[in-house]
Structures are given as structure tokens and as C-alpha cells.
Student: 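Input: one structure, supplied below.
All ligand and atom numbering here is 1-based and tracks the order in the structure. The residues of the chain are indexed from 1 along the displayed sequence. All values below come from the heavy atoms of this structure, side chains included, with hydrogens, waters and symmetry mates left out.
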Amino acid sequence: MLSIPDMIKKKRDGEQLSDEEIKLFIKAVTAKTIQETQIGAMLMAIWQRGMVTAEVRTLTREMMSSGEVMWWPDEWEHLVVDKHSTGGVGDKVSLVLAPALAACGCKVPMISGRSLAHTGGTLDKLESIPGYNIQQSADQIRTILASVGCCIVGQTEMLVPADRVLYAMRDATSTVDSLPLITGSIISKKGAESLSSLVLDVKFGRAALCKDLQSAKELAQHLVSAGNGVGVKTGAVLSRMDGTIGRCVGNSLEVMESLETLKGHGPDDLMELVTTLGSLLLKMTGIAPSLSEGSKQISDAVIGGTALAKFEAMMVAQGVTMETAQSLCSAHTDYYSILRKSEHQMELQARAQGFVLDINGLVLAQVLNKLGAGRSKAGEPVNHSVGAELLVSPGQSVRTGESWLRLHYEDPAPTPEQIDRLQKALTVGNNDKQAGVRRKLVAELILPD
Ligand code: IUR
């Protein structure tokens, strides 16, 4: 067996590590018997030299078994599913998809994250609901899944401890953007959830981690292969992320838009993503015989209100009072009687007239992040009330002076430079043909191996 320095040298020189060597490395990382400098050097060697499919599969499997692996009752064998997104702007898909899948008979132990860089985090969104507790033990998760069918929770301490160590070091050593390391990190956590099926929403575009379709496809193929390699049936959807998903960005505003969607009034792009991702999972579990039938089942659950009932039950199971949950889910609720409204709102007016050709989601997200909707480093609090509502959509016509964005802010207030950046995020033009063509949201599906 090689020593740790020999293993670092082997990877540094571009050779393939054996299963035993990867196992030894992950064991040493978990037991903290390896120096931080050695972890950093190995991460950089992996970043530079990459890993072949077999190495990535072993890395993922060893990371997955570095801690607790969840278990489920036998009768759920084919039903336990989850979704993972590589991060978007206004991406509230989980809030609609988890209860819709539960309404279709799935068990959904959704383990989500917090906002990262300019992208939002599902846990931050849910925490804008008073009383919602994202921390649930494995036993509590099993109880909620037995009674409700879905939960949306944070990662427990015991799940994939190797990833906690590696992720922190990746940040410190500029090795976050390595395909094998991203794959090991994401899929090990999904494998430790003991899922039967997983669907990945791999986004591409200016507001996504992957800037173009080709790099998103490469990441998706790595993720799908590693997922199937740890025994989770894994598929992926490649979806465009240039603007925003839906019309609201910001934590409480996105909860409101999700509830409106669960009441049957959702925007088309959000519904398209929810039904596409959901149909793939329903087909993988065998609950639906085809993608089109799966899509119909998900859409019926959302439009017919059974998904809304699941969301209400999930909120109560995770600590929200019955009164609050019922009020949020009632037909004509005043959301601001429960979710905090920002102290100030401001509308921005279009500077030209014509058709809305483009809204730059990255700029919107970056400015909102600075205003407190997101965080610049882990552990910082977020302001749940900060956000923005788009008052126009691409393809629509606008007049000069017409409001196109409502900004919700507190302290800090937006600076003139930030307002100018936001104004430049809107592109208006006279080409109605260009405006009428909505670029396809879902570019491709990758089915399990
Ligand atoms: N999310 C994860 O869980 N791991 C990663 O490496 C990235 C996002 I990038």
C-alpha cells in the first residue's frame, strides 16, 4: 500500500488511483489522520489531472459510506426519490415538486442546502415561514415520510462527514470547480439518503454554474454515471438558466409564488420544470408507465390541490402551527399577515418601449444578494423579506415609464449604481419576431444507464 505522499505523487503525475488508495485517502480524511496540507495537495492534483469514471465511482462510494447511511422500511423500496439542482435564480422547484411527488405516492426525504454565491437556497426560503424547522433527525424524517410522504430538511451532522472536510478545503484551495470533486460531493450525499431514484436539474447559462450546454452535459453525465454507480437510478434534465424561474426572487417572495403555484396559479416555466423533473422520477419508480403519463399525474396533483395539502401537512410536521399552515394554504390568504414584508418597496420603470427581449437573472441575483437576500460567506444571516418581483416577462410589450420590477428592500437601500445595473438587466427591442420566440427551457433529458 502506498503512503499518502506517494498517492499524491501518483495523482500529480496523472496516474489512476486504485480503489484501495481512494479508500485509504477518504478514511484518513474522515478520521482526520492526514495533514490538511496533504488533503489540499491531493485536491489540487485531482483538480489538475481529473479522474476516470472508475475513480469517480469509488470516490463517491467511499465518501458516501464515511458516515451514517439512511435506511427505509422495505415497503418503500422503489418509492424513495429526490431531486438535486445545480442552483438557479428564483429556483423554487423543490417547494412544489416535493409535495407533488408525495401526492403521487413517492417518499421524498429532500435534503436541501442554503443559498450559495448568487443562487438561492431552499432552506433559506422555507425558514421565512415562522416555525419551520429544517433540522430533523433520521428518525423524525422516517416518521414524517410515513405520515406525510415528503419533508425538506438540512443535512444531518452524521451524513457524509468526509464531504464536510473536503468541501471546506476545496473552498480554501480553489478546487471547487472540479468535475470529479463536485460529483463525489453531490452524489455521495444522495447515495447516503439511500434513494431508489434521483433526478438532477443541471442548469446551463449565464446565471448557472455551467455557462454552456456542453459543460452542463459533461457534468450531468458524470453525475448520472456516479449515481447509477452507487445503486441510485439517476437521470438528468439540462435546463436553461439565463433569466429567472417564475417572477419572484428572494426568500419570502418565492414562498408566496410557490404557494400560488400549488393553488393552481403558477407561471408556465416553473410548471414546465416541475412536471419534467417529476415525470422522470415517476417513470423511474414505475409509478407512471410513461413520461407523458407522469407529467399528467404531477400536473393533476398541483392543479387539483393534493400537492398543496401535502405542503400544508409537511409544514405542520416540521414545526409550523396548524393555524399558520392553514392560513398560508387557504384560497384568499393575506400572505403578509404571516410572511414578513420588507419595510420598503420601489418600482423601476422601463426606459424604452418595445418588446422585452431579455432579463438578466445573474445581475438581478447579484444585486439582491448585496441587499441581503443571500450571503457572501457561510453562516451569515439572510434577510427573508428582501427580493424582487418581475412585473413583465420576456416576449411581452412594455411602454416607456411602465413599471417592470418591484424591488423589496430594507437596510442597505439600493445605491444609484445598483439601480443602474438593474435597469441594464432589462433589454427592450423592436423585433417582435425575436420577442415571440421563447427559448426552450428544457434542452435535453438524460435517462438512467
Ligand atoms: N453542492 C454540493 O453539494 N457539492 C458541490 O461540490 C457543489 C454544490 I459545486
Side-chain angles (χ1 to χ4, degrees), residues 26 29-30 39-40 42-44 46-47 50-51 55-57 59-64 66-70 82-89 91 93-94 109-125 134 152-193 195 198-205 207-212 215-227 230 232 234 236 238-239 241 362 365 374-379:
I26 294 300
V29 167
T30 310
I39 300 178
M42 181 62 101
L43 290 174
M44 187 53 82
I46 294 172
W47 187 91
M51 281 182 147
E55 288 176 293
V56 179
R57 283 193 175 193
L59 176 74
T60 308
R61 201 171 317 112
E62 292 306 322
M63 287 177 71
M64 171 184 131
S66 68
E68 181 184 58
V69 174
M70 298 184 84
D82 196 0
K83 178 230 43 156
H84 178 85
S85 154
T86 56
V89 177
D91 186 354
V93 165
S94 295
M110 197 173 263
I111 299 185
S112 295
R114 295 194 178 278
S115 76
L116 202 70
H118 68 276
T119 62
T122 299
L123 299 182
D124 294 314
K125 293 169 204 195
I134 58 122
I152 305 182
V153 301
Q155 197 184 331
T156 67
E157 282 293 320
M158 273 86 80
L159 216 70
V160 195
D163 183 59
R164 280 178 199 282
V165 179
L166 292 181
Y167 199 86
M169 303 258 166
R170 281 166 63 202
D171 232 359
T173 54
S174 282
T175 52
V176 170
D177 56 343
S178 146
L179 278 187
L181 296 177
I182 294 173
T183 304
S185 168
I186 292 174
I187 299 297
S188 62
K189 286 176 283 195
K190 295 299 166 189
E193 279 179 54
L195 302 174
L198 167 68
V199 69
L200 302 154
D201 184 5
V202 182
K203 298 191 173 294
F204 64 94
L209 172 74
C210 301
K211 298 300 169 201
D212 55 55
S215 59
K217 202 164 168 175
E218 203 185 334
L219 174 60
Q221 277 159 347
H222 267 79
L223 292 167
V224 166
S225 157
V230 293
V232 178
T234 307
L238 298 170
S239 69
M241 187 71 257
L362 179 61
R375 46 175 75 79
S376 53
K377 60 174 191 289

Student: Keeping Thr234 on the side-chain end and Val232 on the backbone end, is there a donor-acceptor pair under 3.5 Å?
Tutor: yes
Student: Would Ser185 count as a polar contact of ligand 1, with the cut-off being nitrogen or oxygen pairs under 3.5 Å?
Tutor: yes
Student: Give the residue, atom name and distance (to 0.1 Å) of the protein heavy atom nearest atom 3 (O) of ligand 1.
Tutor: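 Among all protein heavy atoms, the one nearest atom 3 (O) of ligand 1 is Lys189 NZ, 2.5 Å.
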Student: Decide, yes or no, whether a salt bridge links Lys83 with Asp201 under the criterion of side-chain N to carboxylate O below 4.0 Å.
Tutor: no
Student: Residues in side-chain contact (heavy atoms from CB on, under 4.5 Å) with Ala208, at least two apart?
Tutor: Lys203, Met241
Student: Looking at atom 1 (N) of ligand 1, what's its closest protein heavy atom, distance included?
Tutor: Ile186 CG1, 4.0 Å
Student: Tell me if a side-chain donor or acceptor on Ser188 pairs with a main-chain N or O of Gly184 at a distance below 3.5 Å.
Tutor: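 Pair found, side chain donor or acceptor close to backbone of Gly184.
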